[in-house]
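Everything on this sheet refers to the single structure shown next.
All figures in this text were calculated on a predicted structure; none of them were measured in a lab.
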Amino acid sequence: MATRWGLCGAGKISNDFSVAMKTLPPGDHQIAVIASRSLERAKEFAKKHGIPEAYGSYEELANNPDIDIVYLGVLHTEHWRVGLLFLNAGKNVLCEKPFAMNSRQVKELVTAAKKNKVFLMEAIWSRCFPVHAEVRRLLAEEVVGEVKLVKAYFGSPQLHIPRSVEKELGGGALLDIGVYCLQFVLMVFNGERPESIQATGVLLDSGVDESVVVVMKFSRNRMAFCSFSIAARLPNDAVISGTEGSIKVLGPMHCPTTLVVNDEETEYPLPEPGLPLNFTNSTGLCYEAEEVRRCLLMGLKESPRMPLAESILLTEIMDEIRKQVGVVFSQDSQ
């Protein structure tokens with residue numbers, strides 16, 4: 001039986017997710033419904049992507065008994081509210097990153113998933129890429145010896161995009177792209193909590209972070225350095241340095257196709273898109289969809305590639321970085 005998906009939100013990321021799904025066997029995946037707050041928009045989206053049903057409200061999707069999983073592709077600020085709607089309706093959920101605006105909201109989503117005995121995963125698609133799978137394998141086999149330092153960079157000029165710069169829309173470099181650098185560090189260090197976090201950054205007039213540098217210290221004298229910006233273009237790569245060599249994930253590190261291990265380069269090509277994409281390498285969203293199907297077929301309630309405990313830790317680290325840099329959202333006081 002095909003996994004029946006319901007898409008929540010008819011924006012750019014949902015478009016790319018739909019295009020990516022077309023690269024997978026139709027016997028495995030089927031997008032059955034698209035829901036938007038605008039019925040007109042949903043119908044337009046459905047026509048473009050050949051989706052049989054379109055809804056003008058999220059509640060209709062929550063009440064549809066024939067959906068196996070909901071893909072949540074709405075604004076950052078809506079993840080918590082809309083996520084709870086679906087989880088409390090007994091729906092499995094794949095929620096776009098960042099999971100929510102702060103760790104309190106994330107913990108509420110995780111609690112709701114456990115209470116309703118449903119699957120929940122933060123859509124850190126990077127974790128599902130073949131390059132990341134290979135990095136995990138290399139680390140497990142200690143190919144570069146003991147890891148001493150991890151560096152990750154992500155900078156993309158997007159000051160012209162309202163959702164990147166406006167506080168009410170959950171803007172800022174950290175939540176939008178910094179999350180990718182931090183999750184990479186946590187992946188390398190197996191979800192370990194850092195012993196210390198030092199962050200400094202500059203804010204936009206709107207009160208969100210424009211550029212941030214983070215240094216983290218882990219047990220056994222291991223370090224991590226992350227730098228991310230929505231004002232500057234950075235190398236967008238990630239480097240793992242060990243006592244016996246290095247692993248380099250070439251940019252774009254959040255959706256990579258090239259891995260360099262001790263100067264030896266390997267390519268991992270992506271499926272070709274059938275329609276135009278909004279974001280780089282978006283057909284790689286298919287790997288995430290496959291991971292979700294695998295988990296559902298196995299009866300898992302979370303993905304071992306992005307465990308819920310790690311999503312909570314990731315958000316706790318982001319809360320601490322925001323505190324040090326001085327970014328406060330209205331959701332922090334609710």
Side-chain angles (χ1 to χ4, degrees), residues 76-77 79-80 97-110 122 124 126 147-159 163-240 253-254 309-334:
H76 300 169
T77 48
H79 289 178
W80 171 74
K97 58 82 205 126
F99 221 155
M101 295 301 290
N102 55 39
S103 58
R104 178 184 54 79
Q105 288 190 339
V106 170
K107 285 170 187 166
E108 285 182 20
L109 288 170
V110 170
E122 181 178 13
I124 303 278
S126 319
V147 174
K148 299 303 285 181
L149 178 66
V150 181
K151 290 188 289 189
Y153 302 88
F154 196 161
S156 151
Q158 47 195 61
L159 296 178
R163 72 164 187 88
S164 295
V165 298
E166 288 174 26
K167 190 180 265 196
E168 296 69 40
L169 302 178
L174 175 65
L175 263 59
D176 195 35
I177 59 180
V179 61
Y180 286 121
C181 299
L182 298 168
Q183 72 79 25
F184 185 82
V185 170
L186 289 183
M187 183 185 80
V188 174
F189 292 140
N190 281 321
E192 187 183 309
R193 186 179 294 275
E195 289 178 351
S196 70
I197 301 167
Q198 287 174 304
T200 185
V202 289
L203 306 187
L204 296 169
D205 292 342
S206 60
V208 302
D209 52 303
E210 176 224 83
S211 302
V212 180
V213 170
V214 183
V215 178
M216 290 181 282
K217 189 177 168 190
F218 288 82
S219 66
R220 306 200 305 278
N221 298 326
R222 295 167 302 159
M223 303 281 286
F225 174 91
C226 299
S227 177
F228 36 92
S229 172
I230 51 172
R233 195 169 294 288
L234 293 178
N236 297 357
D237 56 14
V239 184
I240 302 165
M253 58 78 70
H254 69 299
E310 212 162 309
S311 284
I312 291 172
L313 174 58
L314 181 58
T315 324
E316 287 174 342
I317 290 170
M318 294 204 290
D319 285 356
E320 177 60 28
I321 292 168
R322 284 200 295 116
K323 192 168 137 192
Q324 291 186 26
V325 174
V327 176
V328 182
F329 291 113
S330 60
Q331 289 84 354
D332 297 331
S333 56
Q334 285 165 8

How far apart are the C-alpha atoms of Ser126 and His254, what are their side-chain angles, what is the distance that settles it, and do they pass the side chain to side chain contact (heavy atoms under 4.5 Å, CB included) test? CA-CA 5 Å; Ser126 319; His254 69 299; 3.9 Å; yes
So does [Y] get a backbone contact from the side chain of [X], meaning a donor-acceptor N/O pair under 3.5 Å?
X: Asp319; Y: Asn102; answer: no
X: Glu192; Y: Phe218; answer: no
X: Arg322; Y: Val327; answer: yes
X: Lys167; Y: Val328; answer: yes
X: Glu320; Y: Ile317; answer: no

Heavy-atom check, side chain of [X] versus side chain of [Y], under 4.5 Å:
X: Val214; Y: Phe228; value: yes
X: Val179; Y: Ile124; value: yes
X: Phe225; Y: Val185; value: no
X: Ser206; Y: Glu166; value: no
X: Asp209; Y: Ile321; value: no
X: Phe329; Y: Thr77; value: no
X: Met253; Y: Tyr180; value: yes

Ignoring hydrogens, what is the shortest heavy-atom contact between [X] and [Y]? Give both atom names and the distance.
X: Ala100; Y: Leu109; value: CB-CD1, 4.2 Å
X: Gly207; Y: Leu203; value: O-CD1, 4.2 Å
X: Val325; Y: Ala199; value: CG2-CB, 4.1 Å
X: Ser227; Y: Val213; value: OG-CG2, 3.9 Å
X: Leu182; Y: Cys226; value: CD2-SG, 4.1 Å
X: Pro157; Y: Ala231; value: CB-O, 4.0 Å

Can you tell me how far [atom2] of [Y] sits from [atom1] of [X], rounded to the nearest 0.5 angstrom?
X: Lys97; Y: Leu314; atom1: NZ; atom2: CG; answer: 11.0 Å
X: Met223; Y: Ser196; atom1: CE; atom2: OG; answer: 7.0 Å
X: Leu313; Y: Met318; atom1: CG; atom2: CE; answer: 10.5 Å
X: Met101; Y: His79; atom1: CE; atom2: NE2; answer: 9.5 Å
X: Gln198; Y: Met216; atom1: CD; atom2: CE; answer: 11.5 Å
X: Thr315; Y: Glu122; atom1: OG1; atom2: CD; answer: 6.0 Å

According to salt bridge (Lys or Arg N to Asp or Glu O under 4.0 Å), does anything in residues 212-221 pair up with another residue at least two apart or in another chain? List the pairs. Glu146-Arg220
Which residue pairs pass the salt bridge (Lys or Arg N to Asp or Glu O under 4.0 Å) test when at least one of the two sits in residues 98-109, sequence neighbours left out? Arg104-Glu108, Lys107-Glu316
Identify each donor-acceptor pair in which a side-chain atom of residues 233-240 lies under 3.5 Å from a protein atom, sequence neighbours left out, and give them as a table.
from, atom 1, to, atom 2, distance (Å)
Asn236, OD1, Gly155, N, 2.7
Asn236, ND2, Gly155, O, 3.4

Using side chain to side chain contact (heavy atoms under 4.5 Å, CB included), reason through Arg222 and Val150 one step at a time and then give a plain yes or no. CA-CA 8 Å; Arg222 295 167 302 159; Val150 181; over 6 Å; no
Is there a side chain to side chain contact (heavy atoms under 4.5 Å, CB included) between Leu204 and Leu159 once you walk through the steps? CA-CA 9 Å; Leu204 296 169; Leu159 296 178; 4.0 Å; yes
I'd like to know whether CD of Glu195 has more than 12 heavy-atom contacts from other residues, nucleotides or ligands below 6.0 angstrom. yes
